[in-house]
Amino acid sequence: MPGPSAASPRASCCSRSSSRLELRIPSPLVDIRTAAQPVVMVANAISIFMGFAMFINMLVSTQQLQTPVETGYGLGLDALHAGLWMAPSAVAFGVLAPLSGWVTRRFGAEIAIAAGAAIMAVSYLARIPFSDTIAWVVIGTVVVTVGTALAYSALPTLIMQSVPVTETAAANGLNTLLRSVGTSTASAVTAAVLAATITSGSAFPTFGGMATMFVPAAGASVVSLGLVLPFARRRLAEGDTRSPESLTADHVVRGRVVDARGRGIGGAVVTVMGGRGSHMDWSHTDSAGDFSVATGGPIRHLLVATAPGWSPVSAYVDLTDSQRLSPFVMTDRLTVSGKVTDERGRLRPGASVVITKRTGGSVSWVRTDDEGRYRLPLPAAGSYDLTAVDRGVGTSRSQILTVGGQSLTVDLQLDQPGSLPGPVESD
């Protein structure tokens, strides 16, 4: 029977295959490109850590209230009274909903999440010395709930600000699913830690075991704070950048991004703005080049389509009640081109020119034409190595390409042929 180590590569392979499938099919269950946005990834990670921290508050507090007084630290309540004393934390969620919404609107979702995570971290650490009475336990659970309400109410807003309007349901659904991952992990960890502290002379965990669980809960809150802090700082530095133009994105239109031959361009980004430049929505094209975006209705909008390796296309579109747009045709392909010469400056036809990733792997290659010139499609933004080689003449020194949004011209010169590594003969 294969051991755990044998199953791990298989699971990893299946995961990679699923990701590639989601990128290829026109209507994926989960849009990998949208979920890979930095803000969305951070929001999903915070949801896991916050779910972990939140559920420890419920599990350990209930255990403390029901542990017998004879243990020296328990509060001796039955299940009914323990539930009644936990009710204030549940009520706090509803009472704090308007306050959480106001904080999010006034300061931004990033600030609300950071404040909630900070409150949770401090309150968990304070609960370690202050848990000897019912009053302290109730106050502790309520304060933790305050932080949880602030953070969780802002997470959907943060996600909806960062994904296309047509993807908000799927993005929030994935975020909720990951929250369940955090809560289920908290249940397993809490059960394992508390069970490990039960001694043979007692049927109950020790207070040290319960207090220990407050430490990872505070740690998960601190991690959440650290994840959202860069975005919160940027929010404070930029301030409120919303346009005074107010439009409701409730009119969905569909279109396609194609090349000059009419072939769909997958992975393009289409951004929609109102007549005065206010951001409305954005979307990725699927593998067939199709997209759908939300607009403000049958009025004039500015649409901008961008794709790796292509010059952007933009146009003002007078939308009507029709939900289908004319295709965006991209004709200007961005390239890296140049000529290849030898040491004497003579052009070298038939030389090979290759673009490789700096992390390893080939991107594309071509041979120079009769005039010693080459032309390659510009790869996605990043850093690459550009090299030329001609058998019998030599190779060029690698040129570092920093790819942005414009075509590049790079001439390459072949050096004298050097000694190439050959097979090593063993004795």
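Just so we're clear, the structure is a prediction, and the values are computed from it rather than from any experiment.
Here the closest heavy-atom approach between residue Val193 and residue Gly209 is recorded as CG1-O, 3.9 Å. Here the shortest heavy-atom pairing between Leu302 and Ser314 reads CD1-CB, 4.5 Å. Residues Gly226 and Pro230 come closest through the heavy atom pair O-CD, 3.3 Å. Heavy-atom minimum distance, Ala112 versus Ala154: CB-CB, 3.7 Å. Pairing each heavy atom of Leu414 with each of Ala388, the nearest pair is CD2-O, 3.8 Å. Leu65 and Ala82 get closest at one heavy-atom pair: CD1-O, 3.8 Å.
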Chi angles and distances behind the side-chain contact (heavy atoms from CB on, under 4.5 Å) call for Val317, Leu325:
CA-CA 9 Å; Val317 179; Leu325 300 174; 4.1 Å; yes
Take Trp282 and Phe291 through the test side-chain contact (heavy atoms from CB on, under 4.5 Å) and record every step on the way to the result.
CA-CA 9 Å; Trp282 66 275; Phe291 69 90; over 6 Å; no
Under the criterion side-chain contact (heavy atoms from CB on, under 4.5 Å), I'd like the reasoning laid out for Met330 against Ser311: C-alpha separation, chi angles, the key distance, then a yes or no.
CA-CA 7 Å; Met330 292 188 162; Ser311 293; over 6 Å; no
Please evaluate residues Asp385 and Arg358 with respect to the criterion salt bridge (charged side-chain N to carboxylate O under 4.0 Å, His left out), reporting the C-alpha separation (whole Å), side-chain torsions for both, the decisive distance (0.1 Å), and the verdict.
CA-CA 6 Å; Asp385 287 327; Arg358 308 217 73 197; 3.3 Å; yes
Using salt bridge (charged side-chain N to carboxylate O under 4.0 Å, His left out), reason through Arg254 and Asp286 one step at a time and then give a plain yes or no.
CA-CA 12 Å; Arg254 294 171 176 81; Asp286 59 23; over 6 Å; no
Chi angles and distances behind the side-chain contact (heavy atoms from CB on, under 4.5 Å) call for Val39, Leu158
CA-CA 8 Å; Val39 177; Leu158 181 62; 3.7 Å; yes
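A salt bridge is absent between Asp132 and Arg127; no separation between the charged side-chain nitrogens and carboxylate oxygens falls under 4.0 Å.
Checking each of Thr190, Thr183, Val189 against Phe55 for a side chain to side chain contact (heavy atoms under 4.5 Å, CB included) leaves exactly one that passes, namely Thr183.
Considering CE of Met210 and CD of Gln64, their distance stands at 6.0 Å, rounded to 0.5 Å. Here Thr104 contributes atom OG1 and Glu110 contributes atom CD; the two are 9.5 Å apart, rounded to the nearest 0.5 Å. Between the CG atom in Leu378 and the CZ atom in Arg333 there is a gap of 8.5 Å [rounded to 0.5 Å]. Distance CG/Leu408 to CG/Leu376: 11.5 Å, rounded to 0.5 Å. Expressed to the nearest 0.5 Å, how far CD of Gln413 lies from CG of Asp411 amounts to 10.0 Å. With rounding to the nearest 0.5 Å, the separation of OG in Ser61 from CD in Gln66 is 11.5 Å.
Looking at Tyr124, its side chain does come within 3.5 Å of a backbone N or O of Asn57 through a donor-acceptor pair. Of the possible donor and acceptor atoms, one in the side chain of Thr285 sits under 3.5 Å from a partner among the backbone N and O of Ile265. Judged by distance alone, the side chain of Asn175 and the main-chain N or O of Ala43 form a donor-acceptor pair under 3.5 Å. Panel note: side chain Arg179, backbone Leu174; no donor-acceptor pair is recorded below 3.5 Å. Between the Tyr316 side chain and the Leu303 main chain, no donor and acceptor come within less than 3.5 Å of each other. Remark: the backbone N or O of Ser362 is not paired with any side-chain donor or acceptor of Thr356 at under 3.5 angstrom. Without hydrogens or angle criteria, Ser337 side chain to Thr409 main chain gives no donor-acceptor distance under 3.5 Å.
Within the 4.5 Å cutoff, side-chain heavy atoms of Leu155 are placed close to those of Ile113. Annotation: side chain of Trp365 is not in contact with side chain of Val353 (no heavy-atom distance under 4.5 Å). Residues Asn172 and Met160 form a side-chain contact, since some pair of their non-hydrogen atoms from C-beta on lies under 4.5 Å apart. Looking at Val258 and Arg263, their side chains never come closer than 4.5 Å, going by heavy atoms from C-beta outward. Looking only at side-chain heavy atoms (C-beta outward), Leu334 and Trp310 stay at 4.5 Å or farther from each other. In this structure, the side chains of Val336 and Ile355 come closer than 4.5 Å at one or more pairs of heavy atoms. Within the 4.5 Å cutoff, the side chain of Met86 has heavy atoms near those of the Thr62 side chain. Put simply, the side chain of Tyr384 reaches to within 4.5 Å of the side chain of Lys357, judged on heavy atoms.
Annotation: side chain to side chain contact (heavy atoms under 4.5 Å, CB included) contacts of Thr148 (sequence neighbours excluded): Met54, Phe93, Met120, Val144, Tyr152. Judged as a side chain to side chain contact (heavy atoms under 4.5 Å, CB included), and not counting sequence neighbours, the contacts of Val181 are Leu178, Thr185. The salt bridge (Lys or Arg N to Asp or Glu O under 4.0 Å) search around Arg375 returns none, not counting sequence neighbours.
The aromatic rings of Phe107 and Trp102 sit perpendicular, their planes meeting at an angle over 60°, well past the 30° parallel limit.
Annotation for Phe49: atom CZ does not count as buried by contact number, only 12 or fewer foreign heavy atoms lying within 6.0 Å.
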